[in-house]
Student: 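Can you keep this structure in mind? I'll have questions shortly.
Source: prediction; values computed, not measured. The chains referred to below are lettered A, B, ... by the order of the sequence lines, with proteins before strands, and numbering in each begins at 1.
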Number of protein chains: 2
Amino acid sequence: MIKYSVVIVDDHTLLSQAIATMVNTFSKFKVLYTCKNGQELVEKFSTSAKYIPDIVLMDINMPLMNGIETTDWITKNHETVNVMALSVEDEDTTILKMLKVGAIGYLLKDTEKSVLENALIEIAENGFYHTKTVTNLLMKSLSDNYSEEITLKEREVTFMKHACSEMTYKEIADVMCLSPKTIDGYRDVLFTKLNVKNRVGLVMYAIKNKIYTP
Amino acid sequence: MIKYSVVIVDDHTLLSQAIATMVNTFSKFKVLYTCKNGQELVEKFSTSAKYIPDIVLMDINMPLMNGIETTDWITKNHETVNVMALSVEDEDTTILKMLKVGAIGYLLKDTEKSVLENALIEIAENGFYHTKTVTNLLMKSLSDNYSEEITLKEREVTFMKHACSEMTYKEIADVMCLSPKTIDGYRDVLFTKLNVKNRVGLVMYAIKNKIYTP
DNA sequence: TTTTAAATAAGGAAAAACACCTATTTGTAA
DNA sequence: TTACAAATAGGTGTTTTTCCTTATTTAAAA
């Protein structure tokens with residue numbers, strides 16, 4: 001019986017090895033190798049065609065080259081490879097970003113072994129797998145205002161990072177070499193754009209969107 | 001050959017199952033069962049003595065009852081059970097807390113399969129396992145001011161969680177059914193205790209110490 | 001060159017946050 | 001019961017934040 005080949009990308013060695021061990025117990029699949037990040041995967045892919053699998057199981061939060069960038073690269077350069085996201089990340093926007101760059105499935109790490117196996121089978125044989133969660137999310141993204149992408153200027157982002165510190169706005173103005181009144185302006189614009197009420201809201205937004213990491 | 005029994009506690013089902021699959025490939029160990037959080041484990045332990053393993057592999061970030069609380073409970077109620085922390089968390093204070101409540105080993109999820117197997121063997125046969133990282137950390141904790149333990153009252157913790165929202169202090173006073181002046185008091189005490197200058201500092205402390213999760 | 005849009009900045013006022021000191025109330029240990 | 005500490009809360013004044021409106025300056029587009 002010909003087994004489908006799988007590659008696992010996750011920066012936590014133990015987890016990728018554990019998942020590999022598990023996938024190897026599935027009768028229809030075998031693990032080719034595991035990677036610690038996107039860069040490693042790109043290198044492997046470029047070395048030889050025999051390193052190109054049928055399916056990639058991709059974590060999202062990784063150093064060097066994260067899951068979104070890596071998936072983007074794979075779908076652009078190796079159309080035949082199916083990427084399935086496998087992450088702890090359940091933020092709507094993250095899932096959407098992943099689907100947008102071409103992931104054909106999205107599973108939370110909080111699922112059953114059998115669910116993973118079925119997902120892999122569906123992907124290998126039908127070319128897609130979507131949980132109800134993902135489908136619902138896609139429906140919502142059609143109706144809701146998910147399209148109104150919020151774009152932040154570089155200065156605003158810089159300011160927001162500083163706002164996550166204990167500096168007063170005056171001090172932030174100093175380190176950014178601007179008038180305190182300009183800072184006031186940034187703040188007011190961001191309050192409106194991000195629909196928050198005060199500095200704490202700003203801080204929370206920055207953290208949730210990985211603009212600032214505590 | 002008698003195998004040592006292992007229980008795995010991790011809120012991400014897939015990961016605990018994957019690690020279970022891996023541990024089952026180790027000749028000296030077999031997995032009894034897996035749990036999604038501390039509460040599940042406590043229930044299991046209380047059901048029957050046959051559910052009490054030799055070793056518990058414990059994740060730290062879990063809902064309901066986290067790794068630290070759970071380890072504390074185990075070491076207080078089941079001295080014979082060895083707990084090894086297995087986490088992505090590499091914050092010094094977290095590791096120290098875990099050791100303080102009686103974990104006899106600490107492994108990052110970013111390690112090799114063989115390292116885990118050796119650690120398990122050492123724990124089963126010698127009763128301890130410490131990486132160089134942990135040893136260094138313990139040395140540092142002797143010299144440094146790690147001892148100045150900060151203890152927070154329950155009300156202060158509740159307040160701090162609310163402070164991580166966009167509510168004003170007056171609104172927080174309302175939901176906590178206290179005078180705004182009492183809230184002022186909580187804030188002032190926390191500023192001093194935690195050595196922060198303003199509400200953002202409070203928020204950051206809450207996040208870093210997992211009092212509030214964004 | 002004129003027009004427009006964006007970035008920077010100011011004034012003024014109200015609200016919220018912060019600091020410091022004091023006064024009840026309450027539970028509990030001596 | 002008395003004494004004492006902890007929790008709750010009031011007073012007052014300063015600083016910071018927040019909100020609104022308007023004015024330059026700058027850079028790019030028409």
Student: Using ring centroids (six-membered ring only for Trp), state whether B:F45 and B:Y51 fall under 6.0 Å.
Tutor: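 Between B:F45 and B:Y51, which both carry aromatic rings, the centre distance is not below 6.0 Å.
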Student: Using a strict 4.0 Å threshold on nitrogen-to-oxygen distance, state whether B:D72 and B:K100 make a salt bridge.
Tutor: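 Judged by the 4.0 Å cut-off on N to carboxylate O distance, B:D72 and B:K100 do not form a salt bridge.
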Student: Nearest-Å distance, NZ (A:K170) to P (D:dT14)?
Tutor: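 In whole Å, D:dT14 P lies 20 Å from A:K170 NZ.
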Student: Pair A:D110, B:D11 - check side chain to side chain contact (heavy atoms under 4.5 Å, CB included), show working.
Tutor: CA-CA 7 Å; A:D110 180 21; B:D11 60 322; over 6 Å; no
Student: NZ of A:K193 versus C1' of C:dA7: gap in Å, rounded?
Tutor: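 Rounded to the whole Å, the gap is 12 Å.
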Student: Should the pair B:D10-B:K109 be classified as a salt bridge under the 4.0 Å nitrogen-to-oxygen rule?
Tutor: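 B:K109 and B:D10: salt-bridged.
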Student: What is the minimum heavy-atom distance between A:K36 and A:M62, and which atoms define it?
Tutor: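 Here A:K36 and A:M62 meet closest at O-SD, 4.0 Å.
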Student: Whole Å only: how far is the OH atom of B:Y169 from the P atom of D:dT16?
Tutor: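 Taking atom P of D:dT16 as the reference, OH of B:Y169 is at 15 Å.
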Student: What is the distance, rounded to the nearest whole Å, between atom CG of B:L190 and atom P of C:dA17?
Tutor: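 Checked: the CG to P distance equals 15 Å.
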Student: Nearest 0.5 Å please: distance from the CE atom of A:M84 over to the CE atom of A:M58.
Tutor: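 Going from CE on A:M84 over to CE on A:M58, the span is 12.0 Å.
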Student: Tell me the interatomic distance from B:I172, atom CD1, to C:dA16, atom P, rounded to whole angstroms.
Tutor: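 Distance, rounded to whole Å: 13 Å.
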Student: How far apart are the closest heavy atoms of B:T75 and B:G102, and which atoms are they?
Tutor: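 Heavy atoms of B:T75 and B:G102 come nearest at CG2-O, 3.7 Å.
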Student: Taking the cut-offs as 6.0 angstrom to the six-membered ring centre and 45 degrees off its axis, would you call A:R199 and A:F191 a cation-pi pair?
Tutor: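 Geometry flag: not set, cation outside 6.0 Å or 45°.
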Student: Do the numbers put B:R187 on top of the ring of B:Y169, so that NZ or CZ is under 6.0 Å from the six-membered ring centre and no more than 45° off the axis?
Tutor: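 Verdict for B:Y169: a cation-pi partner in B:R187.
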Student: Once you round it to whole Å, what is the distance between P of C:dA9 and CE of A:M176?
Tutor: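 Roughly 10 Å, once rounded to whole Å.
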Student: In this structure, how many angstroms lie between the P atom of D:dC19 and the CZ atom of A:F191, rounded?
Tutor: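 Value for this atom pair: 6 Å.
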Student: Return the value, rounded to whole Å, for the distance between atom CE of A:M167 and atom P of D:dT17.
Tutor: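 That distance rounds to 11 Å.
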Student: Near DNA chain D, which residues from residues 153-166 of chain B have a heavy atom under 4.0 Å away?
Tutor: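 Contacting residues: B:K153, B:R155.
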Student: When you measure from every atom of DNA chain D, which of residues 177-189 of chain A have a heavy atom less than 4.0 Å away?
Tutor: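 Hits under 4.0 Å, by residue number: A:D184, A:R187, A:D188.
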